[in-house]
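Some notes on the structure that comes next.
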2 protein chains.
Amino acid sequence: MKKKLTIKDIAKELSVSISTVSKALNDSHEIAETTKKRIQAYAKEFNYKPNFNALSLKNKKTKTIAVLIPNMLKYIYAQVFNGIEQVANELGYKIITCVSNEKTSKEIEILEMLSNGSIDGFIISPALETSINKEYSHFQDVLDEGFPIVMFDRIPKELDCDKVMIKDHKATFNAVEHLKNTGCTNIAFISTNNKLTSTKKRKKGYLKALEEFKLPANKDIMVDLTEINYKEYERALTPMLENNQIDGVITTNEATGIAIQKVAQKLGYSIPGNFSVIAFSNGILARHASPQMTTISQHGEKMGAKAAKLLIQRIEEDIENPDYETKIIKTDLVMRNSTKSFLKLNYK
Amino acid sequence: MKKKLTIKDIAKELSVSISTVSKALNDSHEIAETTKKRIQAYAKEFNYKPNFNALSLKNKKTKTIAVLIPNMLKYIYAQVFNGIEQVANELGYKIITCVSNEKTSKEIEILEMLSNGSIDGFIISPALETSINKEYSHFQDVLDEGFPIVMFDRIPKELDCDKVMIKDHKATFNAVEHLKNTGCTNIAFISTNNKLTSTKKRKKGYLKALEEFKLPANKDIMVDLTEINYKEYERALTPMLENNQIDGVITTNEATGIAIQKVAQKLGYSIPGNFSVIAFSNGILARHASPQMTTISQHGEKMGAKAAKLLIQRIEEDIENPDYETKIIKTDLVMRNSTKSFLKLNYK
DNA sequence: TTGAAAGCGCTAACAT
DNA sequence: ATGTTAGCGCTTTCAA
C-alpha cells in the first residue's frame, strides 16, 4: 500500500509545526488566517485525509457499529440492514456486518473479535440456536464490558438492554380478525419454528383471537414445520387441507404461505374465493406469488432505522447505566389478493 | 464506555515492563517461561484483548475489507455478500458493508470515507448510474492511492484492476440452445436495463444463438422494460404474447420471468407444455414460482468467495503493480419446471 | 531475560 | 500565533 500523506509530512513541507497543521486543519481560531489557508490549500491539493485509526485510538470512538444477524439471505434481515444502513450513513457511522448462520459459536467468535475497540456498539438478532437454548451469556459479557447493544427481532427478555420489537401476538390477532371479517370460519395456523419465542407469541395471538371471535380451535389445523425443508412443505401440508374444511390460513413466513397457496390451488380451492391466506413478513415472495399474498408487514427497514438511531444515541450519550428502552414497531396488514377485501380496515 | 485493560495496566499490576508484557503475550522466546505464564494467565483471567486501532495504526493493516454494492435487497447481492463473508471470516477479515443505492454520488462519498486507513481493500459492484455514464474516475482515484479493488458483476473494462465476472453472452447462448433442444422455435428476449453492458452481452449471446441455430430473430419479441415498475410488467408484456406466436422466453431477471409466466398462463399457455421460460439469476423467486422456474445461475456465493480470496491475496502480497486477474465464474442452467427436460445437458 | 525508548498519526494542554 | 510535549495502545529495536 502506498504511503499516505500525514500532518507530519505537511508540517515539514510547509515548515511549520505538527500541531499548527493539526489546528489549521481543524479550523482552530488560534491559527492565523493566512497560515490556515496555506495549510488547508496544501492538504486539499494533495488529498490529505486524517488517519482513521489514529483518530479512533485517540478518541476511543470508532464511529462504527456492528450488525450481527443470522442470515443475510432472509429478506427481512436484508430489509433491517437497509434501515440500519440509511440511518448510520446519515449520522456518519460505518457498519461492520456479521452473520451468525444461526450458530451460537459463530456469535461468540464474532463478539470476541469485535469487542476490542473495533466498534462502538452492536445491533443484534440472535441465532436460532442461541434463542432456543437461551444461551445469552456472551451477550451479557459484552454488555458488562460496557458496549451498548440493541436487540431486534428475536429478543431475549432476560437481557437488560435496548430493544426494538413488534407485537407478534397482536399481529396474528389482527390477521385472524381480518380473516373472520372476510368470512373465514375455520382458520389454520402454520409455523416453522415453534421453539422461537416470537412463534409462540404469534400462536398465542392466533388462539386468543379464535377465542375472542368464537371460532373453533382445532389442533389438527395447527401445524409446525420445524426441521422440514421448504421443498417438502407442499407434501407436508397436503393432508391437513385434505382432511379438514379450512377456509383461511395464517403462516409465520412467506415460503410457507406460498406452499399452502399452491396446495390449496392443487386441491381445487379458489384463492381468495373460498380460501384465504395471510403470511408473516412482507417480503419479496408475497409480491410475486399467484395470487399476490396478503402479509403482515414487520416493517424491517423501520425496525433497522429505529435500532440504529437508538444505538447511536446510546453511544453518543455514553452514560454508565442508562434507562434501557424497548421500542415497539407496529405491524400492518398489507392487503393483496390472497384475502377478500373488507371495508372497515382499522384494526388497532 | 468502560475503560479497557491494556498492556500498561498489566505491566503495572505484575510489576514488569510494558515490553515484557507485549512480548509475553506474543509468546516471544526471549521471555522466561515462568513470566510468560504469569502474564498470559493474568491476561486471560481479566479478558485482555489487544486494541484494534493501536494495532492497525502500527501495522498499517486493518484486516478489514469494504464491500460496496448497489442494493442489499437484491438477492444476487445478498448472495455475493454471503460468499464474501464466509471467506473473509475464514481468513480473519472483517467486512464493512456499504450500499450505493445505484447512485454515483453515494459511491464517491463512501470511497472518500473509507480511503483513510479504515480498510485494506474494496470489493465493488458499481451503481447503475456509474455504469451507464461510465464515470469511473472515483474508482481510479482509489486505485491510484494504492488500494486494491476487486470488481464484480458490473465490470468497467476501462479500469485496470482485479475482476470476477460471468460470461453473459455464453449464458444466454446456452439458454437459447436449451430452449431449441426442447422444441422451442420462436424465442423472445426480455431485459430490464438495456444500457448495462451485461444486458447488452446477454442480448448478444441470444442473437448469436438465434443465428447459429437458424431461429427467427424478430425485433417484436425483444422487449426492454427499463423504467417500468415491476408492478406494470404484466401489463407491459401482454401485447407481445398476444401478437406473436412465442413458445420460449429468456429474461434478464427473475421478476420479469415470473411476470411473463403469469401473462402466458393468463393467455392460456401451458408451462412448460407449449411455453418455456428461462430467467437470469437463480434467486429465491424462481424456487417459489408456479411452475418453479428454470434459471441461469450466476453463482453469487461463488462470485463473492472468489472476489474475497482474490482481494485478500492482493492485500497480503502488497506489491506495487501486480498482474491483475480476471476470474470467470461459469454460469449454469438450473433446471426446474418452466422448461421441458432434455437428456443431453452438456452445454459448454 | 528484561526494560527503555522511539514511533505509528493524531490531539490538546501547556509553553513560548 | 506558533511550537513543544505527552499520550492514546501497541510493537520493536536497542541497551542493560
Side-chain angles (χ1 to χ4, degrees), chain A residues 1-40 42-43 46-64 115-120 145-146 318, chain B residues 1-40 42-43 46-64 115-120 145-146 318:
Chain A
M1 175 80 71
K2 216 163 284 183
K3 201 201 166 302
K4 295 209 170 35
L5 189 65
T6 69
I7 47 173
K8 199 170 163 185
D9 301 330
I10 302 182
K12 193 182 295 174
E13 197 58 40
L14 300 185
S15 315
V16 290
S17 81
I18 288 177
S19 65
T20 302
V21 176
S22 171
K23 285 170 187 163
L25 292 176
N26 290 306
D27 216 21
S28 161
H29 53 269
E30 41 180 295
I31 303 294
E33 271 310 314
T34 46
T35 37
K36 258 205 269 195
K37 285 267 176 301
R38 237 176 91 229
I39 292 172
Q40 287 169 354
Y42 187 94
F46 294 97
N47 193 23
Y48 167 80
K49 283 177 216 139
N51 180 283
F52 168 78
N53 291 299
L55 281 178
S56 298
L57 182 58
K58 189 108 243 282
N59 303 334
K60 296 166 183 309
K61 289 273 169 200
T62 63
K63 287 261 194 179
T64 308
S115 58
N116 62 355
S118 305
I119 53 120
D120 299 338
E145 288 179 42
D318 190 22
Chain B
M1 176 80 72
K2 215 163 283 181
K3 199 199 167 304
K4 296 208 168 38
L5 188 65
T6 69
I7 47 172
K8 198 171 164 187
D9 301 329
I10 301 181
K12 194 183 294 173
E13 196 59 39
L14 299 186
S15 313
V16 289
S17 79
I18 288 177
S19 63
T20 301
V21 175
S22 171
K23 286 169 186 163
L25 292 177
N26 289 306
D27 214 22
S28 161
H29 53 270
E30 42 180 295
I31 302 294
E33 270 311 314
T34 46
T35 36
K36 257 206 267 195
K37 285 267 177 300
R38 237 177 91 229
I39 292 171
Q40 287 170 354
Y42 186 93
F46 294 97
N47 192 24
Y48 167 78
K49 283 176 216 139
N51 180 284
F52 168 78
N53 291 299
L55 281 178
S56 298
L57 182 57
K58 190 105 243 280
N59 304 334
K60 296 164 182 309
K61 288 273 170 203
T62 62
K63 287 261 195 179
T64 308
S115 58
N116 61 355
S118 305
I119 53 119
D120 299 336
E145 288 179 43
D318 190 23

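Source: prediction; values computed, not measured. Just so it is clear, the values below take in all heavy atoms, side chains as well, and ignore hydrogens, waters and symmetry mates. Numbers restart at 1 for each chain; the letters A, B, ... are given by sequence-line order, proteins then strands.
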Legend entry - Terminal axis angle for the helix from dT1(C)-dA16(D) to dT16(C)-dA1(D), five pairs an end, nearest 10 degrees: 60°
Legend entry - Below 4.0 Å: OP1/OP2 of dC8(D) and any side-chain N or O of K8(B): yes
Inset, instruction - Give, ordered by number, those residues of residues 47-56 of chain B having at least one heavy-atom distance below 4.0 Å to an atom of DNA chain C; if nothing qualifies, reply none. - result: none
Inset, instruction - State which residues pass side chain to side chain donor-acceptor pair (under 3.5 Å) with T62(B); sequence neighbours excluded, sorted by chain then number. - result: D120(B)
Inset, instruction - Please list, chain by chain and in numerical order, all residues satisfying side chain to side chain donor-acceptor pair (under 3.5 Å) with S118(A), sequence neighbours excluded. - result: N116(A)
Legend entry - Non-neighbouring partners of T20(B) that pass side chain to side chain donor-acceptor pair (under 3.5 Å), sequence neighbours left out: S17(B)
Legend entry - Spacing of F52(A) atom CZ and L57(B) atom CG [to the nearest 0.5 Å]: 11.5 Å
Legend entry - CA sep, side-chain torsions, deciding dist, call: Y48(A), V21(A), side-chain contact (heavy atoms from CB on, under 4.5 Å): CA-CA 11 Å; Y48(A) 167 80; V21(A) 176; over 6 Å; no
Inset, instruction - State which residues pass ring pair (Phe, Tyr, Trp, His ring centres under 6.0 Å) with Y42(B); sequence neighbours excluded, sorted by chain then number. - result: F46(B)
Inset, instruction - Give the rounded distance in Å between these two atoms: CG of L14(A) and C1' of dG3(D). - result: 15 Å
Atom pairs under 3.5 Å: protein N/O with N/O of nucleotides 12-16 of chain D:
from	atom 1	to	atom 2	distance (Å)
dT13(D)	O4	K23(B)	NZ	3.4

Inset, instruction - At the 4.0 Å heavy-atom cut-off to chain B, mark where contacts on DNA chain C begin and end, going 5' to 3'. - result: dT1(C) to dG9(C)
Inset, instruction - Go through the steps for N47(B) and L5(B) under the test side-chain contact (heavy atoms from CB on, under 4.5 Å), then give the verdict. - result: CA-CA 8 Å; N47(B) 192 24; L5(B) 188 65; over 6 Å; no
Show me the side-chain donor-acceptor pairs of residues 28-35 of chain A shorter than 3.5 Å, one per line, residues at least two apart or across chains.
from	atom 1	to	atom 2	distance (Å)
S28(A)	OG	E30(A)	N	3.1
E30(A)	OE1	K23(A)	NZ	3.4
T35(A)	OG1	A32(A)	O	2.9

Inset, instruction - Please collect all side-chain hydrogen bond (donor to acceptor under 3.5 Å, both in side chains) contacts where either partner lies in residues 49-61 of chain A, sequence neighbours excluded, each pair once. - result: K49(A)-S115(B), K49(A)-E145(B)
Inset, instruction - Could you name each residue pair satisfying salt bridge (charged side-chain N to carboxylate O under 4.0 Å, His left out) that touches residues 1-11 of chain B, not counting sequence neighbours? - result: K3(B)-D9(B)
Inset, instruction - Please figure out whether I7(B) or S15(A) has its closest DNA chain D nucleotide nearer the 5' end. - result: S15(A)
